[in-house]
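Sequential numbering from 1 along the given sequence is applied to the chain's residues. Side chains are part of it too, since the values below use all heavy atoms of this structure and drop only hydrogens, waters and symmetry mates.
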Amino acid sequence: MRINIFVTLLFLFRSETLAIDEECYMTVPEIGKRFGYDSEVHLVRTTDEYILELHRFPCKNNEKCDTKSKRPIVFLQHGLLADGFSWIPNLANQSAGFVFADAGFDVWIANSRGTPASQKHIGYGPENQKFWNFTWQQMSEYDLTSSVDYVLKETKQKFLYYLGHSQGTMIMFSRLAENPEFAKKIRHFHALAPVATVSHIGGLFGLFGKQFLTYAEILLGRLPYSPLSIPRPIQKMISYMCSKFLMQSICTLDIGFIDGNEKQFNQSRVGVYLCHTPAATSVKDLQHWIQLVESQNVAKFDYGPVGNQLEYGQPTPPVYDLTQIKTPTYLYWSGDDILADTQDIRDSILSKMNKAIAGSIELPHYSHMDFVFGINAAKDLYPGIIKTIQDDFDKYRISQMHKLNKYF
């Protein structure tokens, strides 16, 4: 009976595929070209042999620019269960990836290991359990390092400006705390909906509390090194249903059940959102986050006393020391964000990174996903970041010119 129902639904879905927005079938570069932007795909090989895709928008809309010119580089890093699409979910004048390109920046969009664009490895593919043996810890140590090095080598520049959302902020917090040499390559760190400790997390996790986390950890623990994803046909079926007018608000409510009440979604694009989100990651990545909720620390993955001794040479997982971060960091947060809770931001970021915090900006009534999916972000959030980066880059260029003048 269950199979028959599924087959019936799949048949109905297939008969309506023409009604699904074309962007459901497009990659980030293809969507960029659809909106009139030159798009590039770059392959990055990490030191642990994963092959990642970086997507680049080097020019403004319908412009043929000199891709070798020295312009501020903006590196955009997505969050958990997301990929590069989270930076271009709306129309061109509403999406960060396009807004920053139109401001004259060289835009590079990351796709962490496990996402649809980055499911490649030198030795084995995503059908092998070994492929899924990672968390944000490896994204920070390997993906981020290799990607930043590639971008700077490709553009022949010394530094870039980093924008991270949610898990994308944790990836940078941990790297900056652990590697001072890498920190020299990051001119500014702009943290949207920043997360480090998550002991005050709300939403689905907060509703069911530690009992939910315990059951979740037991369940996930029985699925070692497995992908955490929705089969593509089912995801497109959900997308189609949610694209219907009467279903849009219900689908938005379902998203808000997990991370807050999204007030800024473009309801007409909810179907497109759900074609690309959630994106795949590893079960182990979610396990790592559950560990952080329980431990209230910014720590590496906990394998237990014996496993930790083998992995780290100590019985407990190492904790990232955020007091070591010196990179100018700008925080963008909201009291309505129940995942990046303000108490956690105060306890784990502001208190430990006081000297590195260059700005702390509250955006009223922003949910966790509104920072990248919200249509108001293009006027509330991105212009301020653009001005901050442009002013800094101009000062840097002037200082370099003064240094050159001293030699002539």
- Message: One pair to check against side-chain contact (heavy atoms from CB on, under 4.5 Å): Cys275 and Asp21. What are the steps and the verdict?
- Response: CA-CA 9 Å; Cys275 266; Asp21 193 294; over 6 Å; no
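- Looking at every heavy atom in both residues, Pro317 comes nearest to Asn308 through CD-ND2, 3.4 Å.
- Panel note: side chain His276, backbone Thr27; no donor-acceptor pair is recorded below 3.5 Å.
- Under the 4.5 Å side-chain criterion, counting only non-hydrogen atoms from C-beta, Phe373 is not in contact with His368.
- Within the 3.5 Å criterion, the main-chain N or O of Phe134 finds no donor-acceptor partner in the side chain of Asp285.
- Expressed to the nearest 0.5 Å, how far CG of Leu163 lies from CD1 of Ile389 amounts to 5.5 Å.
- Panel note: side chain Thr197, backbone Gln296; no donor-acceptor pair is recorded below 3.5 Å.
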- Task: Determine, stepwise, if the pair Ile386 / Phe105 fulfils side-chain contact (heavy atoms from CB on, under 4.5 Å).
- Result: CA-CA 9 Å; Ile386 288 170; Phe105 294 171; 4.0 Å; yes
Could you give the side-chain donor-acceptor pairs of residues 80-89 under 3.5 Å, partners two or more places apart or in another chain?
| from | atom 1 | to | atom 2 | distance (Å) |
| --- | --- | --- | --- | --- |
| Asp83 | OD1 | Phe85 | N | 3.1 |
| Ser86 | OG | Asp83 | O | 3.0 |

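- Here Asn297 contributes atom CG and Gln291 contributes atom CD; the two are 11.5 Å apart, rounded to the nearest 0.5 Å.
- Aromatic rings of Phe98 and Tyr37 (six-membered ring for Trp) have centroids within the 6.0 Å cut-off, being under it.
- No side-chain donor-acceptor contact under 3.5 Å links Asp106 and Tyr161.
- His188 and Tyr330 have tilted rings, their planes meeting at an angle from 30° to 60° on a 0 to 90° scale.
- Thr169 places a side-chain N or O within 3.5 Å of a backbone atom of Ser166 that can act as its donor or acceptor partner.
- In this pair, Tyr162 and Phe189 present their aromatic rings perpendicular. The plane angle is above 60°, beyond the 30 to 60° band.
- Within the structure, the salt bridge (charged side-chain N to carboxylate O under 4.0 Å, His left out) test picks out the following pairs touching residues 115-143 (sequence neighbours left out): Glu53-Lys120, Arg113-Asp143.
- The shortest distance between side-chain heavy atoms of Met172 and Phe182 falls below 4.5 Å.
- Here CG of Leu192 is found 10.5 Å from CG of Asp337. Values are rounded to the nearest 0.5 Å.
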- Item | side-chain hydrogen bond (donor to acceptor under 3.5 Å, both in side chains) between Gln77 and Ser112, worked out | CA-CA 8 Å; Gln77 176 65 56; Ser112 297; 2.9 Å; yes
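- Taking the side chain as every heavy atom from C-beta outward, Val198 and Leu339 never approach each other to under 4.5 Å.
- Applying the side-chain hydrogen bond (donor to acceptor under 3.5 Å, both in side chains) test to Ser95 and every residue at least two apart in sequence or in another chain returns nothing.
- Under the 4.0 Å criterion applied to side-chain N and carboxylate O atoms, Glu23 and Arg269 are assigned as salt-bridge partners.
- Ion pair Lys387/Asp391 flagged as a salt bridge, since at least one NZ, NE, NH1 or NH2 atom sits closer than 4.0 Å to an Asp/Glu carboxylate oxygen.
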- Task: I would like to know whether Phe159 and Tyr396 meet side-chain contact (heavy atoms from CB on, under 4.5 Å); could you show each step before the answer?
- Result: CA-CA 11 Å; Phe159 61 79; Tyr396 171 77; 3.5 Å; yes
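- Here the closest non-hydrogen pair linking Ala103 and Gln390 is O-OE1, 4.3 Å.
- Under the side-chain hydrogen bond (donor to acceptor under 3.5 Å, both in side chains) criterion, Thr329 pairs with no residue, sequence neighbours left out.
- Note: Met26 CE to Ile31 CD1 = 7.0 Å, rounded to the nearest 0.5 Å.
- In this structure, Ser140 and Leu144 approach most closely via the heavy-atom pair O-CB, 3.5 Å.
- Phe57 places none of its side-chain heavy atoms less than 4.5 Å from the side chain of Phe100.
- Ring centers of Tyr142 and Tyr50: at least 6.0 Å apart, outside the cut-off.
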List the atom pairs, donor and acceptor, that lie under 3.5 Å between side-chain atoms in residues 350-359 and the rest of the protein, sequence neighbours left out.
| from | atom 1 | to | atom 2 | distance (Å) |
| --- | --- | --- | --- | --- |
| Ser351 | OG | Arg346 | O | 3.3 |
| Ser351 | OG | Asp347 | O | 2.5 |

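- Using a 4.5 Å heavy-atom cutoff, the side chains of Val283 and Trp132 are not in contact.
- Contact check for Tyr25 versus Glu30: no side-chain heavy atoms found under the 4.5 Å cut-off.
- Heavy atoms only, all atoms of each residue included: Ser39 and Pro29 are closest at OG-O, 3.0 Å.
- If you check the side chains of Asp370 and Ser367, you find a donor sitting under 3.5 Å from an acceptor.
- Formation of a donor-acceptor pair under 3.5 Å by the Asn61 side chain with backbone atoms of Asp102 is not found in this model.
- Electrostatic pairing of Arg397 and Asp394 counts as a salt bridge here, judged by a charged N lying under 4.0 Å from a carboxylate O.
- For the residue pair Ala110 and Leu54, the shortest heavy atom distance occurs at CA-CD2, 3.8 Å.
- Distance alone, capped at 3.5 Å, is enough to place a donor-acceptor pair between the Gln119 side chain and the Gly114 backbone.
- Counting heavy atoms from C-beta outward, Met369 and His165 have side chains that approach closer than 4.5 Å.
- Under 3.5 Å, the side chains of Thr46 and Asp48 contain a donor-acceptor pair of N or O atoms.
- Ring-plane geometry between Tyr273 and Phe265 is classed as perpendicular, the angle between the planes exceeding 60 degrees on a 0 to 90 degree scale with a lower cut at 30.
- Heavy-atom contacts from other residues, nucleotides or ligands closer than 6.0 Å to CD of Gln309 number more than 12.
- Summarising the geometry of Ala299 relative to Tyr320, their closest heavy-atom pair is C-CE1, 4.0 Å, with the distance given to 0.1 Å.
- Side-chain atoms of Trp108 and Glu154 include no donor-acceptor pair closer than 3.5 Å.
- Leu160 is listed as a side-chain neighbour of Ile186, based on a closest heavy-atom distance under 4.5 Å.
- A donor-acceptor pair is defined here as one N or O able to donate and one able to accept, closer than 3.5 Å; no such pair exists between the side chain of Glu49 and the backbone of Ile122.
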- Message: With side-chain contact (heavy atoms from CB on, under 4.5 Å) as the criterion, how do Arg187 and Lys158 come out once you've worked through the C-alpha distance, each side chain's angles and the decisive distance to 0.1 Å?
- Response: CA-CA 9 Å; Arg187 184 77 172 182; Lys158 295 180 179 179; over 6 Å; no
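- In this structure a side-chain-to-backbone donor-acceptor pair under 3.5 Å is missing from Lys379 to Gln94.
- Between Thr135 atom OG1 and Leu292 atom CG the span is 8.5 Å, to the nearest 0.5 Å.
- For the atom pair CG (Asn111) and OG1 (Thr115), the distance works out to 4.5 Å, reported to the nearest 0.5 Å.
- Annotation: salt bridge (charged side-chain N to carboxylate O under 4.0 Å, His left out) contacts involving residues 299-322, sequence neighbours excluded, comprise Glu178-Lys300.
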